Amino acid sequence: GDVDFRQYYHLGDKTWFVCRQLFGVGMPYGNSYDMPFERSFFSGGSLGMRGWDYRKLGPGAYVPSSEEVNVERIGDIQLELNAELRFPIYNYFNGALFVDAGNIWNYHANELLPNGEFHFNSFYDQLAMDAGFGLRLDFKMIILRADLAMPIRYPYPDTNGRHWVLGNGIDLDDLHWVFNIGYPF
């Protein structure tokens, strides 16, 4: 199951501050060691962690190798926190500033995804973060959305032992464009 809690704060004149907290846990049962793929949690993409491609974040502090570029990563536990300031720009154009934090984890250790299991005393150190700006075309019946996001904290340390991207310079390869219809939450 999962719990998705959202708060909307009206700041005046079509300006909103919106927050979402998402928590989910799935437990394999019977003689199963893993949850079915379609019931597993994932992170990354246009509806959550926008600084990562779809199903490309996690689990935990797992560090992908260069050969595992196309591996879809899934988990048994998900935690995600999102905040977005939505504001008008001009006529049909609206903007948004956002920050996302979260990750997925496995309940059991998996040798194919090392460091991907959930530990209560260290999960907070494996939270990823991204931030960005969005442009929305609001035609009342449909909203077209383009977000530009960048990871600002990785769930695993880099070669220098740092999680934070800030202070290391901005690499244009880290920028992610996300296009979708409707709001992310």
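Residues: numbered from 1 along the sequence shown. Because the structure is a prediction, the values reported are computed rather than measured.
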(request) List the atom of Pro155, the atom of Gly60, and the distance in Å for their closest heavy-atom pair. (result) CB-O, 3.4 Å
(request) For residues Leu57 and Gly102, report the shortest heavy-atom separation together with the two atoms involved. (result) CD2-O, 3.9 Å
(message) Taking Leu112's backbone N and O only, do any of them form a donor-acceptor pair with Asn110's side chain (distance below 3.5 Å, no angle check)?
(response) yes
(request) Is it possible for you to say whether Trp177 and Val165 belong to one hydrophobic cluster, with membership spreading through side-chain heavy-atom contacts below 4.5 Å? (result) yes
(request) Heavy atoms only: give me the nearest Pro59-Leu113 pair and the separation to one decimal. (result) CG-CD1, 3.9 Å
(request) With the side chain counted from C-beta on, respond yes when Pro151 and Met129 share a heavy-atom pair under 4.5 Å apart, and no when they do not. (result) no
(request) Find the distance between CG (Asp100) and CG (Asp130) and round it off to the nearest 0.5 Å. (result) 4.0 Å
(request) Please answer: with hydrophobic residues joined when any side-chain heavy atoms are less than 4.5 Å apart, are Phe133 and Leu85 in the same cluster? (result) yes
(request) Say whether Leu97 and Leu81 are linked into one hydrophobic cluster, either directly or through other cluster members, by side-chain heavy-atom distances under 4.5 angstrom. (result) no
(request) To the nearest 0.5 angstrom, please state how far the SG atom of Cys19 sits from the CZ atom of Phe185. (result) 7.5 Å
(request) Kindly indicate, with the supporting measurements, whether the criterion side-chain contact (heavy atoms from CB on, under 4.5 Å) is fulfilled by Val3 and Leu22. (result) CA-CA 6 Å; Val3 176; Leu22 173 66; over 6 Å; no
(message) Within this structure, what is the CH2-NE2 distance for the pair Trp16 and His10, rounded to the nearest 0.5 Å?
(response) 5.0 Å
(request) Look only at the side chain of Asn103 and the backbone of Leu127, and say whether a donor-acceptor pair between them is shorter than 3.5 Å. (result) no
(request) Could you state whether Tyr92 and Tyr90 fall into the same hydrophobic cluster, counting links through intermediate Ile, Leu, Val, Met, Phe, Trp or Tyr residues with side-chain heavy atoms under 4.5 angstrom apart? (result) yes
(request) Would you check if the side chain of His176 reaches a backbone N or O of Gly51 as a donor-acceptor pair within less than 3.5 Å? (result) yes
(request) Work out which heavy atom in Arg50 is nearest to a heavy atom in Arg145; give both atom names and the distance. (result) CD-NH1, 4.1 Å
(message) When you compare the side chains of Arg20 and Asn82, does any donor N or O come within less than 3.5 Å of an acceptor on the partner?
(response) yes
(message) Would a single hydrophobic cluster contain both Met150 and Trp52, if residues Ile, Leu, Val, Met, Phe, Trp and Tyr are joined by side-chain heavy-atom contacts under 4.5 Å?
(response) yes
(message) Can you confirm whether more than 12 heavy atoms, excluding those of Phe93, are under 6.0 Å from its CZ atom?
(response) no
(message) Whether Asp53 and Arg55 form a salt bridge (side-chain N of Lys/Arg under 4.0 Å from carboxylate O of Asp/Glu) is what I want to check.
(response) no
(request) Indicate yes or no for a side-chain donor-acceptor contact from Arg86 to the backbone of Ala96 under 3.5 Å, with no hydrogens or angles considered. (result) no
(request) Provide the closest heavy-atom pair for Gly134 versus Asp147 in the form atom of the first, atom of the second, distance. (result) CA-OD1, 3.1 Å
(message) Return the CD1 to CZ distance between Ile181 and Arg136, rounded to the nearest 0.5 Å.
(response) 13.5 Å
(request) Sort out for me which residue in Asn91, Asn94, Leu144 forms a side-chain contact (heavy atoms from CB on, under 4.5 Å) with Asp138. (result) Asn94
(request) Look up atom CG in Asp76 and atom CD in Glu117, then write down how far apart they are to the nearest 0.5 Å. (result) 11.0 Å
(request) For Glu80 and Gln21, test the side chains for any donor-to-acceptor distance below 3.5 angstrom and give the result as yes or no. (result) no
(request) Could you tell me whether Phe17 and Tyr8 have their ring centroids closer than 6.0 angstrom? (result) no
(message) Ring-plane angle category for Tyr154 and Tyr156, please: parallel below 30°, perpendicular beyond 60°, tilted otherwise.
(response) tilted
(message) Quick check on Arg39: does its CZ atom have over 12 non-hydrogen neighbours (other residues, nucleotides or ligands) under 6.0 Å away?
(response) no
(message) As a test of understanding, state which of Phe41, Phe118, Phe23, Tyr62 forms a ring-ring contact (aromatic ring centres under 6.0 Å, His included) with Trp105.
(response) Phe118
(request) Decide yes or no on side-chain contact (heavy atoms from CB on, under 4.5 Å) for Lys56 and Tyr54, but give the supporting numbers first. (result) CA-CA 6 Å; Lys56 298 298 182 189; Tyr54 182 70; 5.9 Å; no
(message) How close do Met49 and Ser43 get, counting heavy atoms only, and between which atoms?
(response) CG-OG, 3.1 Å
(message) So, taking the atom named CD1 in Ile77 and the one named CZ in Phe123, what distance separates them when rounded to the nearest 0.5 Å?
(response) 10.0 Å
